[in-house]
Amino acid sequence: MADTTIARDPVRARARRRSRDRSTRAGYAFLSPWLIGFLGLTAGPMIASLYLSFTDYNLFTPPVFTGLENYQRLLTDSNFLQSAKVTALYVVFGTPVKLAAALAVAMLLHSSRRGQGFYRSAYYLPSLIGGSVSIAIVWKAMFIDEGIVARIGAVFGGPDAAAAGWVGDPGRTLPMLVLLTVWQFGAPMVIFLAGLKQVPAEMYEAAEVDGAGPVRRFWSITIPLLSPVLFFNLLLETIHAFQIFNSAFIISNGSGGPAQSTLFYTLYLYFRGFRDFQMGYASAMAWVLVVVVGLISLLLFRSSKSWVHYSGDDK
């Protein structure tokens, strides 16, 4: 009896190994479309662009290795510095205002009221269509000379204000684009709304009994308990703000004007790569952007330890 059991053990072990091997092969078979897409469409082009960033390449002749020349040119390129400045201003001012608007509307929609589903859909809709070319064209038409915004301004600022559009004013084009991104607050609003539903109502009731007003309840209960969601939205929207391209390209007619006021980083990268055919220089710009966004993300993660509070955290 014992001999038979011992003899069967290797057979069972081989059967288990064959079963595991079949499961492993099946898993890789189902995973293969993603692996092929990742290696062919993401990892491969990234490695190629990293190599091209150290070369002089114009798309028509073989790349010539130039070392760090492209990165050194960035430090003396006035247009590069201007694009970095415009993008930084857009990120610094646009992201907080967009998140503030999203949180304010989410708090208004958090309370039960008739037609709540309609209002949520209506406020979320701009996030679906806001990045399209058609919306950028409409937005430009609203802010051109004698457009609807200028005509509304004429009601409050006099007849001469009717001709003062925002599109041709270097001091107003960036605020105009900030307004466009703030209008698209639907996606972070939905995430804030989901986070607000996780805040226990008993905490608000207890704070109200203790005499805490709406402002105190907001800063002492809502913000701390909503901090993980706030951090998530802040990280995503910051990364998204660095990628602005469509609206700036359409509103400036692909020029970055007026006076380079809409020369965003990605727009200047596009100019260098596909207008001037300096693909090596554009690749260097792309990798600088990757590093900057990575460092900012790392900084946000490091700072989150002091202001983001998770459920069950002893702090």
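Since the model is a prediction, treat every value here as computed from it, not as a measurement.
Side-chain atoms of Thr42 never come within 3.5 Å of backbone atoms of Leu39 as a donor-acceptor pair (strictly under, hydrogens ignored). Distance alone, capped at 3.5 Å, places no donor-acceptor pair between the Arg217 side chain and the Ala207 backbone. Between the side chain of Thr55 and the backbone N or O of Gly280, no donor-acceptor pair lies under 3.5 Å. Checking side-chain atoms of Thr181 against main-chain N and O of Val178 turns up no donor-acceptor pair under 3.5 Å. Using a distance-only test at 3.5 Å, with no hydrogens or angles considered, no donor-acceptor pair links the side chain of Asp276 to the main chain of Gln278. Under the 3.5 Å distance criterion, the side-chain polar atoms of Ser306 are matched with a main-chain donor or acceptor of Ser303. Side-chain atoms of Trp139 never come within 3.5 Å of backbone atoms of Leu179 as a donor-acceptor pair (strictly under, hydrogens ignored). Using modelled atom types, no side-chain atom of Ser49 and backbone atom of Ser283 make a donor-acceptor pair closer than 3.5 Å.
Of all non-hydrogen atoms in Pro170 and Ala259, the two that sit nearest each other are CG-CB, 4.0 Å. A pairwise comparison of heavy atoms in Gly40 and Pro45 identifies O-CD, 3.4 Å as the closest pair. Between Gly195 and Leu226 the shortest heavy-atom distance is C-CD1, 3.5 Å. The two residues Pro63 and Tyr51 come nearest to each other via the heavy atoms CG-CE2, 4.2 Å. Contact record, Leu267 with Gly256: CD2-CA, 3.8 Å, taken as the closest heavy-atom pair. Nearest approach of Phe271 to Gly254, heavy atoms of both residues: CZ-O, 3.1 Å.
The ring of Tyr270 has its center closer than 6.0 angstrom to the ring center of Phe245. Under the 6.0 Å cut-off for aromatic ring centres, Phe60 and Phe277 qualify, their centroids lying closer than that. For Phe231 and Phe301, the ring centers sit closer than 6.0 Å to each other. Aromatic ring centres of Phe242 and Tyr265 lie farther apart than the 6.0 Å criterion allows.
Side-chain contact between Ile239 and Ser297 is present, with heavy atoms from C-beta onward closer than 4.5 Å. A heavy-atom distance below 4.5 Å is found between the side chains of Trp287 and Met46. For the pair Tyr204 and Thr222, the minimum side-chain heavy-atom distance is below 4.5 Å. Side-chain contact between Phe54 and Asn70 is absent, with no heavy atoms from C-beta onward closer than 4.5 Å. Considering only heavy atoms from C-beta on, Val86 stays 4.5 Å or farther from Ser83 through its side chain. For the pair Tyr90 and Thr95, the minimum side-chain heavy-atom distance is 4.5 Å or more. Between Ile135 and Trp183 there is a side-chain heavy-atom pair separated by less than 4.5 Å. A 4.5 Å side-chain heavy-atom check between Ile251 and Phe143 finds every atom pair outside the cut-off.
Cluster annotation: Leu128 is connected to Phe118 through the hydrophobic network of ILVMFWY side chains, with a link wherever side-chain heavy atoms come within less than 4.5 Å. A single hydrophobic cluster is not seen to contain both Val229 and Val199; linkage of ILVMFWY side chains at heavy-atom distances under 4.5 Å, directly or through other members, places them apart. The hydrophobic cluster containing Leu74 also contains Leu68, counting ILVMFWY residues as joined when their side-chain heavy atoms lie under 4.5 angstrom apart, directly or transitively. Residue Leu52 is grouped with residue Leu59 when hydrophobic side chains (ILVMFWY) are merged at heavy-atom distances under 4.5 angstrom, including chains of intermediate members. In terms of hydrophobic clustering, with Ile, Leu, Val, Met, Phe, Trp and Tyr side chains grouped at heavy-atom distances under 4.5 Å, Leu89 and Trp166 are assigned to a common cluster.
Interatomic distance, Gln72 CD to Glu69 CD, rounded to the nearest 0.5 Å: 7.5 Å. Separating the NZ atom in Lys85 from the CG atom in Leu174 is a distance of 10.5 Å, to the nearest 0.5 Å. Annotation: the span from Phe80 atom CZ to Leu269 atom CG amounts to 10.0 Å, rounded to 0.5 Å. Taking NE2 of His240 as the reference point, atom OG1 of Thr238 lies at 11.0 Å (rounded to 0.5 Å). Within the model, atoms CE of Met107 and CE of Met189 stand 14.0 Å from one another, a figure rounded to the nearest 0.5 Å. Considering NZ of Lys140 and CG of Asn253, their distance stands at 3.0 Å, rounded to 0.5 Å.
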Query raised in the report: Given the rule in the side-chain contact (heavy atoms from CB on, under 4.5 Å) test, do Met279 and Phe274 qualify, once you have shown the distances and angles that lead to the verdict?
Result: CA-CA 7 Å; Met279 193 57 67; Phe274 297 97; 4.1 Å; yes
Requested in this report: Give the C-alpha distance, both sets of side-chain angles, the deciding distance and a yes or no for side-chain contact (heavy atoms from CB on, under 4.5 Å) between Asp56 and Phe65.
Outcome: CA-CA 6 Å; Asp56 181 10; Phe65 186 80; over 6 Å; no
Query raised in the report: Do Phe192 and Leu230 pass the side-chain contact (heavy atoms from CB on, under 4.5 Å) test, and can you show the C-alpha distance, the side-chain angles, and the key distance before you say yes or no?
Result: CA-CA 7 Å; Phe192 277 134; Leu230 180 60; 3.7 Å; yes
Report task. Would you please test Val133 and Ile137 for side-chain contact (heavy atoms from CB on, under 4.5 Å) and show each step? Result -> CA-CA 6 Å; Val133 173; Ile137 295 175; 4.0 Å; yes
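Residues that satisfy the ring pair (Phe, Tyr, Trp, His ring centres under 6.0 Å) test with Tyr281, not counting sequence neighbours, are absent from this structure.
Geometrically, Arg25 does not engage Tyr28 in a cation-pi contact defined by less than 6.0 Å to the ring centre and at most 45° from the axis.
Heavy atoms from other residues, nucleotides or ligands lying under 6.0 Å from CZ of Phe93 number 12 at most. Residue Phe249 qualifies as enclosed at atom CZ: its count of foreign heavy atoms under 6.0 Å is above 12. Leu50 CG: more than 12 foreign heavy atoms inside a 6.0 Å radius.
In this model, a donor atom of one side chain and an acceptor atom of the other lie less than 3.5 Å apart for Gln260 and Asn79. Side chains of Thr173 and Thr262: a donor-acceptor N/O pair is absent below 3.5 angstrom, by distance only. Side-chain atoms of Tyr268 and Arg272 include a donor-acceptor pair closer than 3.5 Å.
Tested against Phe185 for a side-chain contact (heavy atoms from CB on, under 4.5 Å), the candidates Leu99, Val105, Asn233 yield a single pass: Val105.
Counting only residues at least two apart or in different chains, salt bridge (charged side-chain N to carboxylate O under 4.0 Å, His left out) contacts with residues 88-104 comprise Lys98-Glu237.
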